Each structure stands twice: as C-alpha cells, then as structure tokens.
Amino acid sequence: SSTGVINVSGTSNFPYGFSSVTLNDGSTVNYNLNGNQNIFATTYSNLTLSVGGTKSLTEATTVNGTLTISRPLTTNSYQLTLGGDFIQNSTFTQGIGTVLINGNTTQTISGNTATTFYNLTVNKTGGSLSLSKAVAVSNTLSLQSGIINTTTTNLLSVTNTAASAISGGSATAYINGPLLRDLPAVFSSSVSYNFPVGKSGNYYPFVLENPVTGTGTITARVEAYTSNPGGSLDASLSAKSTTEYWSLTTAGNFTNAGVSIAKPTDISPFNSISGSATQTGTYTSLFGTAGQKSITNSNSIGSNRFFGFATANPVISTSAASVSGFTYPEGHGPSNILSFNVSGTYLISNVTLQPTTNYEISTMGGASFTPMTLITLPVISNSLSSTPVYVRLKAGLAIGSYTTDTIKIMSTNAITKTVIMNGTVTTPPTLNVSTSSLTGFYYGYGQGPSTPLSFTISGSGLVANVALTAP
C-alpha cells in the first residue's frame, strides 16, 4: 500500500521466493536484520537501512522516494538512482559506481555522517537538489539538468584534480552557491577549470584559466552573486557593473591564473574584466577578450579575488619611457637608428605619433623618416598590436646634447604617452700629422731598402680606427 511498511529481517534477498514485487509510492521497505543483508534489485519508493551489519547492493537499484542509511551501505560499484531525499547517518561506500539524482521534485542530501560520492550525476526533471551538509565528489560531477543549492557550510566539493572532473553546466544545470574544486600540485599548463555556478535563477559560469600552483593541497572556491559589490575604480576603468560579481577563495600554494566570466544577457557596454583584492576595494582592469555575453582570458589575476564586468579606459603602452644613444659627429648626420614599441587596448581611434624638432621617426623599418608630420598607427578591433617605431637624430644639428625632445603618442580619450629622446652631436673627427712631407730616403742601387724616416699622427672625435696606405 502507499503507506505500508515491509520489514525485511531475513538473510536472503527480498522478496525471497517471488519473481516480482510492486511497491507503491509512499511505501517503505526497511532492511532491519541484525547482520549483513543484500538489497534486492528493484524499484523502491522509500528504502530504509536499519539495525545490524552492512547492507549491499547486488545490482543497479532505484529509489524513487527517500533513502535512509542508518547502517553501512556499499553499492559494489552498481548505479544507485535516487528520486527522493538522501539521508546518511552511517557509512556509504560507493566503489567506482554512480549515484544518479533524477527526481521531479525538490530533493535534499542530509544526515549526520560525511557523504562522499565517487560519480555524481544530477539529471532532474523538476525541482532542485539542496545540500543540508557538506558533500564531496571524488571522481566526476555531471550536471545535466537541475540546480544544486549549496552554502559555505553545506559545500559541494570536487576533489578530483583533473580539469575534466566537472562536466555539463547550463542555464538549467548549475550550482546555486559556492563550489569548491581541488587543483593539482606543482601545476602550470594551458587548461581551463570550469565552475558552473549561478544565482537567483540565472547561470553565471566562471572559469579559472591556466592556474599555476606549488606543492601541497590547493583548492579554489567560487561563488556568483547578483548584487553590487561596491568598491571604487582606479584610473584603468571608467565604469563597472553593479548587477553581478564573482568571488574566488583559494587555499594552499595557489600562485596565479587568468579568469573568464559570463552572464545570461549582453555585456555591452562593458569590455573588460575588473578585479579587486577585496569585495569593496579598488577595482582595476584585468582586460580579456570581450564577446556578446562573456569576457574570456583575463590577464593574470595576482592578488585579486573579486571579479566583475567593467569598462576599461583606452590604454596606450610603450616598451620604454626613454631612448638613449643617438649620436653623430657634426656634419656627419643623421644619427644611428634606434627604436621602441607602441601597443594599445580598448582604443576608439587610431594612434598618432608627433615627431619632435630634433628627431624624425619612421614605422617602415627605418625607411621614409618623417621630420614633422604626424604618423598614424591603425587600430583594428579596438587594439593596436605591438608596433616598432624607429627614431634618429636629424642631420645638420650643431654640436651639443639633445635630451629634452619628447615624442607624444596619442589616441582619443587615452592618456597621452611620452617617450624622451637622448642624443648628442659631437665634435667632428680631426686628424693631425707632424709634417706634410718626408725627404731624404735613399740607398745605392741594388742596396735597398732605404733607412727609415718617420712622422706622427694624432686625432680627436674619431669614430673609427685610422687607416694608413703606403704609396
């Protein structure tokens, strides 16, 4: 009956001597022998394990209602399908099998004994799964359908350090609350660790990109929030989102990583991931590649542990703040050619370079130097890849130092960058000889060579060795 209870107190499988049995919704089968028992493989409504020794599955088993474990249970690696609550008050040994959560109403995992699943698959047709205690998954977590509700106390942890330990995740299958993952020790590789988290009915996935770790046990815990984190902006940002953010909590020798974040709606006008060491601290641009609903592959996060969408100001970068070493002797210009690189992100116009009075620039490998005209570097998809700029000291300058000339690099709304040039025009090279001629060389015919005579050479401002050629 729908309220009936069958107490199985024998050593043989239930129902001993029967070929089939029908257990109506709401009914309960209680295995209560004071000793070890095998659990008959059938579809149960409610299943209770009480009294005695270890209870063991003999085949894949389904429990459509509540499973109450008050005595040790081993699944012998058979699949356990659960459509109701999981109450664990004794040990649960899964082997290498799978627990499939597939109910159509709200389900809970509770009890006073620690729960560790080997493989956990959540594929619910309705309702959510709520944790009333901490739960660990030692191999794989598969999220196919259904939302798992967690808290910092009732935490879901995946201890398998492989990036593939979690699969699935979508708008209908995610962790509503914090999710903890173990990371491999002494690790540095191009791999993504997914955290399929969400909040308030929406999916806000987070990805830890290419983590770098040291020795020991390393964990990363991620949670999404649908509120304003607060905080302020540094000069790299002009705005940030006030409707969502993510927190990352790390433990152990976690060194660095990048992050990717996404939300269910368009991110425009945001173009950057922002990061802060504290929730209400100062947020800075971590850059990243902007898509329609996500920004991926930020810069290394360093000490930042709170992240969100933001609008980054246009940024121009140069490989050097100054360039030194331009020189030539008076009358022998132009100088040698030196260079620096220019790049930019989030730019809304082309980059222009303004030559100076005493220097000229080129972007063509040292050809077509421009004495005074602006040079334009084209911006593509709001960015400028690292571009070399070649510079030389102009010809025809007087002897002296030229150290105050500054090349300006500009783009709309970006802070103008300056690169200082340092060069000198030196005294022209001079050669001096002690006499303009030598006379008196002689020898008798057939008796040469002659006796030697000499003169002296000196010089100043020389830029190369002195070469002498005999007549």
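Note that the coordinates shown come from a computational prediction; the quantities given were computed from them, not determined experimentally.
Each salt bridge (Lys or Arg N to Asp or Glu O under 4.0 Å) pair with one or both residues in residues 239-259, not counting sequence neighbours, appears once here: Glu244-Lys263.
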(request) Starting from the C-alpha separation in whole Å, work towards a yes-or-no answer on side chain to side chain contact (heavy atoms under 4.5 Å, CB included) for Thr213 and Asn253. (result) CA-CA 6 Å; Thr213 66; Asn253 288 321; 5.7 Å; no
(request) Could you give me the CA-CA distance, side-chain angles and deciding distance for Leu183 and Leu208, then say whether side chain to side chain contact (heavy atoms under 4.5 Å, CB included) is met? (result) CA-CA 10 Å; Leu183 301 177; Leu208 204 58; 4.0 Å; yes
(request) Check the pair Thr226 / Ser200 against side chain to side chain donor-acceptor pair (under 3.5 Å), numbers first and verdict last. (result) CA-CA 7 Å; Thr226 53; Ser200 304; 3.0 Å; yes
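A cation-pi contact links Arg392 to Phe369, judged by a cut-off of 6.0 Å to the six-membered ring centre and 45° from its axis.
The closest side-chain heavy-atom distance from Leu143 to Leu141 is below 4.5 Å. When side chains are defined from C-beta on, Pro229 counts as touching Gln279, because their heavy atoms get closer than 4.5 Å. Side-chain contact between Ser110 and Ile87: present, with at least one pair of heavy atoms (C-beta onward) separated by less than 4.5 Å. Contact of the Val323 side chain with the Ile407 side chain is not registered, since no non-hydrogen atoms from C-beta on lie closer than 4.5 Å. Proximity of Ile316 to Leu347: side-chain heavy atoms (C-beta onward) are separated by under 4.5 Å at one or more points. When side chains are defined from C-beta on, Ser437 does not count as touching Phe455, because their heavy atoms never get closer than 4.5 Å. Residues Ser411 and Pro314 form no side-chain contact, since every pair of their non-hydrogen atoms from C-beta on lies 4.5 Å or further apart. Side-chain contact between Leu179 and Pro196 is present, with heavy atoms from C-beta onward closer than 4.5 Å.
Aromatic ring centroids of Phe117 and Phe86 lie under 6.0 Å apart. Ring-centre distance between Tyr402 and Phe326: not below the 6.0 Å cut-off. Ring centers of Tyr346 and Phe287: under 6.0 Å apart, within the cut-off.
Ser300 places no side-chain N or O within 3.5 Å of a backbone atom of Gly302 that could act as its donor or acceptor partner. Side chain of Tyr204 to backbone of Pro264: no donor-acceptor contact under 3.5 angstrom is found. Proximity of a side-chain donor or acceptor of Asn256 to a complementary backbone N or O of Ile301 within less than 3.5 Å is detected. Panel note: side chain Ser294, backbone Thr296; no donor-acceptor pair is recorded below 3.5 Å. Checked by atom type and distance alone, the side chain of Asn139 never pairs as donor or acceptor with a backbone atom of Tyr118 at under 3.5 Å. Under the 3.5 Å distance criterion, the side-chain polar atoms of Thr113 are matched with a main-chain donor or acceptor of Asn89. Of the possible polar contacts, none joining the Thr311 side chain to the Ser238 backbone as a donor-acceptor pair under 3.5 Å is found. Under a 3.5 Å cut-off, the side chain of Lys394 and the backbone N or O of Thr357 do form a donor-acceptor pair. The main-chain N or O of Ala235 is found under 3.5 Å from a side-chain atom of Asn313 such that the two form a donor-acceptor pair. A donor-acceptor pair is defined here as one N or O able to donate and one able to accept, closer than 3.5 Å; no such pair exists between the side chain of Thr62 and the backbone of Thr81.
Only one option out of Ile148, Ile147, Val197 pairs with Tyr174 in a side chain to side chain contact (heavy atoms under 4.5 Å, CB included); it is Ile147. Paired with Leu156 under the rule side chain to side chain contact (heavy atoms under 4.5 Å, CB included), one option of Val137, Leu129, Ile109, Thr151 passes, and it is Val137.
We find the OG1-CD distance between Thr121 and Gln144 to be 5.5 Å, quoted to the nearest 0.5 Å. Here the straight-line distance linking atom CG of Leu462 with atom OG1 of Thr427 works out to 11.0 Å at 0.5 Å rounding. Between the OG1 atom in Thr66 and the CD atom in Gln107 there is a gap of 9.0 Å [rounded to 0.5 Å]. Lys293 NZ to Thr265 OG1: the interatomic distance, rounded to the nearest 0.5 Å, is 7.5 Å. Atom CG in Leu353 sits 8.0 Å away from atom OG1 in Thr363 (nearest 0.5 Å). Between Asn304 atom CG and Leu248 atom CG the span is 10.0 Å, to the nearest 0.5 Å.
For the residue pair Thr108 / Asp85, a side-chain donor-acceptor distance below 3.5 Å is found, with atom types taken as modelled. With hydrogens and angles left out, the side-chain atoms of Thr140 and Asn119 include a donor and acceptor closer than 3.5 Å. Using modelled atom types, one finds a donor on one side chain and an acceptor on the other under 3.5 Å when comparing Asn149 with Ser128. A side-chain donor-acceptor contact under 3.5 Å links Asp234 and Ser236. For the residue pair Thr289 / Asn297, no side-chain donor-acceptor distance below 3.5 Å is found, with atom types taken as modelled. Side-chain contact annotation: Asn341 with Ser319, donor-acceptor N/O pair under 3.5 Å absent. Between the side chains of Asn123 and Asn102, no donor-acceptor pair of N or O atoms lies under 3.5 Å. Counted by atom type alone, Ser272 and Ser285 present one or more donor-acceptor pairs between their side chains at under 3.5 Å. Side-chain polar atoms of Thr282 and Ser232 form a donor-acceptor pair below 3.5 angstrom.
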Show the atom names and distances, to 0.1 Å, of all donor-acceptor pairs under 3.5 Å that link a side chain in residues 216-223 to residues at least two apart or in another chain.
unit_1	atom_1	unit_2	atom_2	d
Glu223	OE1	Tyr225	OH	3.1
Glu223	OE2	Lys199	NZ	2.8

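Across Thr284 and Leu237, no two heavy atoms sit closer than the pair C-CD1, 3.7 Å. Taking both residues in full, the closest heavy atoms of Arg181 and Ala162 are given as NH2-O, 3.0 Å, listed atom of the first, atom of the second, then distance. Residues Phe92 and Thr116 approach most closely at CD2-O, 4.0 Å, considering heavy atoms. Across Val99 and Gln94, no two heavy atoms sit closer than the pair N-NE2, 3.2 Å. Contact record, Leu453 with Thr439: CD1-O, 3.2 Å, taken as the closest heavy-atom pair. Taking all atoms of both residues into account, the shortest heavy-atom contact from Lys133 to Ala114 is NZ-C, 4.1 Å.
With a 6.0 Å radius and a threshold of 12 heavy atoms from other residues, nucleotides or ligands, Ile399 has its CD1 atom above the threshold. Enclosure of atom CD1 in Ile415 is not indicated, since only 12 or fewer non-hydrogen atoms of other residues, nucleotides or ligands lie within 6.0 angstrom.
Taking the ring pair (Phe, Tyr, Trp, His ring centres under 6.0 Å) definition, one finds that Phe195 meets it with nothing, sequence neighbours left out.
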